[in-house]
Amino acid sequence: MRNDTPLYHLVSSFQQGGRSHGARRGRCLPICPLEREILGRAEWSSIGRLAMALACLLALLPLPALAQSKPAVERQFQQWIISDLGPEAKKAGISEKTLQAAFRGIALNWNLPDLAPPGFPPAKERKQTQAEFSSPGPYFNEDRLKKLATTGRGLASQYSSTLKRIEKTYGVPGSIVLAIWGRETGFGAAKIPNSAIEVLATKAFMSTRREMFRIELIAALHILEGGDVTPAGFRSSWAGALGQPQFMPTSYLKYAVDFDGDGHRNIWTSVPDTLASIANYLVKKGWQRNRDWGFEVTIPAAVSCAQEGPDIAQPLAHWASLGINRKSGKGFPSGEMMAAGMMLVPAGRDGPEFIVTPNFYIIKEYNNSDLYALYIGNLADRIAYGSGAFQGAWGDVGKMLRSDVAAMQKALERQGYDVGGSDGLPGYKTRRSIGRWQEKNGMRPTCFPDASMKGRLK
């Protein structure tokens with residue numbers, strides 16, 4: 001680490017009339033002599049005094065409020081490590097030796113997204129006028145899923161003894177663990193190119209979510225302090241997610257396990273540690289042993305799709321009594337019939353329909369997306385049973401603008417519906433509320449926003 005002079009002690013330069021005029025913080029800047037001559041004495045008496053007063057105010061502002069160069073921000077970053085982050089890390093139990101090793105050669109990574117460098121103009125707020133969500137169909141790329149399933153079945157055979165031990169220890173099916181591993185990093189084949197400390201430090205210093213990444217950075221330093229990995233091997237994604245399971249550092253500290261018995265939790269190069277850590281994560285989040293994730297079903301037209309949601313759980317026997325049957329033609333497992341299940345219609349009536357178990361929502365703890373959890377469930381079934389794509393077709397949905405959906409959500413809120421927030425994304429509360437509104441207004445419930453509703457739902 002370089003012990004650079006703090007940035008607020010530096011001299012700033014201003015270019016005026018082709019000349020450079022330097023001023024230390026707290027001193028007034030000279031006015032260009034040529035400008036004074038052009039104004040004339042009368043104008044100078046009033047305008048000149050105003051200009052000088054404004055210049056003085058600018059000079060008194062903290063330097064980060066003024067436009068800066070990247071080298072200046074780099075110097076601030078190094079000083080931040082020494083005078084701000086370092087003391088906090090030491091108070092948290094991080095040794096000087098670990099700090100020196102962690103930050104040796106570390107500089108800001110300006111290529112990362114969502115940065116807000118001090119002294120730079122803030123990024124323009126992104127208007128919600130474009131179609132920011134699309135049909136779910138392309139998410140389930142069939143060629144990609146087939147390749148992952150083929151590789152997954154081979155790995156299920158290769159690591160069968162490890163997976164059996166994981167299933168016995170944690171109660172999570174090996175196919176689910178493999179599916180998450182495959183989705184996150186292509187079973188470890190994906191490159192993880194970034195220094196975790198560089199990414200986390202950059203984001204803790206100048207991202208739009210500095211406090212969150214500061215917590216993750218301190219957690220990352222604890223990982224290094226524990227000796228499970230060296231700084232050179234401490235690799236992450238551009239978002240700071242670590243190793244093959246893509247754990248954030250706080251998750252690593254809570255859920256990573258040493259399953260190969262070498263004394264280190266190694267989610268970068270150890271397959272047993274990687275797979276067991278994923279299983280441990282799911283169990284600690286509440287995975288229910290001996291339960292499936294869910295089932296693709298057919299919901300009769302007479303059964304309202306507005307019964308969707310994890311907060312409307314019913315025994316699978318209840319759903320079956322309404323005429324809801326599995327698409328595969330098989331019955332629900334007898335052991336599941338009295339256990340809780342929930343309706344899920346991610347595209348409303350214009351897409352595949354499901355009855356899911358609480359384990360579906362545990363998968364969502366890994367990545368908070370219905371489509372992600374469905375992807376994992378489908379891939380796991382392909383690995384375990386050789387099954388294929390969902391039978392229900394994804395309809396032509398998702399072409400509406402987020403701003404239009406947000407307007408619908410606000411209109412529903414004004415009428416007393418709980419849509420889960422007006423973010424322009426149709427989550428289950430929004431889908432359910434649309435279905436209930438449609439039913440109330442004599443319409444066939446589709447449980448998904450549609451352009452035809454804009455005129456009526458204001």
Roughly how far, to the nearest 0.5 Å, is the [atom2] atom of [Y] from the [atom1] atom of [X]?
X    : Y    : atom1 : atom2 : result
M212 : L200 : CE    : CG    : 8.5 Å
S237 : I192 : OG    : CD1   : 8.0 Å
L344 : E353 : CG    : CD    : 10.0 Å
L253 : D228 : CG    : CG    : 9.0 Å
L457 : R414 : CG    : CZ    : 8.5 Å
I362 : I176 : CD1   : CD1   : 12.0 Å

Using only atom types and a distance under 3.5 Å, with no angle test, would you say the side chain of [X] pairs donor to acceptor with the backbone of [Y]?
X    : Y    : value
R214 : A204 : no
Y255 : K285 : no
D258 : G263 : yes
R326 : F332 : no
E336 : D292 : yes
T202 : N109 : yes
E225 : S95  : yes
Q244 : A190 : no
Q246 : A241 : yes
S422 : Q409 : no

- [ ] Return the minimal non-hydrogen interatomic distance between G240 and V199, and the atom names on each side.
- [x] N-CG1, 3.6 Å
- [ ] Over all heavy atoms of both residues, which pair between S251 and Y281 is shortest? Give the atoms and the distance, please.
- [x] OG-CE1, 4.2 Å
Open item on the list: Between I299 and E308, does the side chain to side chain contact (heavy atoms under 4.5 Å, CB included) criterion hold? Intermediate values first, please.
Closed with: CA-CA 11 Å; I299 302 174; E308 178 184 12; over 6 Å; no
Task: Carboxylate-amine/guanidinium contact R209 D114, below 4.0 Å - done: no
Open item on the list: Under a 4.0 Å threshold between the charged nitrogen and the carboxylate oxygen, would E142 count as salt-bridged to R382?
Closed with: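 Yes, charged N to carboxylate O under 4.0 Å.
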Any side-chain donor-acceptor pair under 3.5 Å between [X] and [Y]?
X    : Y    : result
E365 : W287 : no
Q438 : T446 : yes
Q100 : E96  : yes
E216 : T250 : yes

Open item on the list: Using side-chain heavy atoms (C-beta onward) and a distance below 4.5 Å, is L374 in contact with W293?
Closed with: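 In contact.
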- [ ] Quick one: sort the F247 and Y366 rings into parallel, tilted or perpendicular, breaks at 30° and 60°.
- [x]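 Tilted: the ring planes of F247 and Y366 meet at 30° to 60°.
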TODO: Evaluate whether atom CH2 of W238 has more than 12 neighbouring non-hydrogen atoms of other residues, nucleotides or ligands under 6.0 angstrom away.
DONE: no
- [ ] Report the C-alpha separation of L224 and I197 in whole Å, then their side-chain angles, then the decisive distance to 0.1 Å, and conclude whether the side chain to side chain contact (heavy atoms under 4.5 Å, CB included) test is met.
- [x] CA-CA 10 Å; L224 290 176; I197 294 297; 4.0 Å; yes
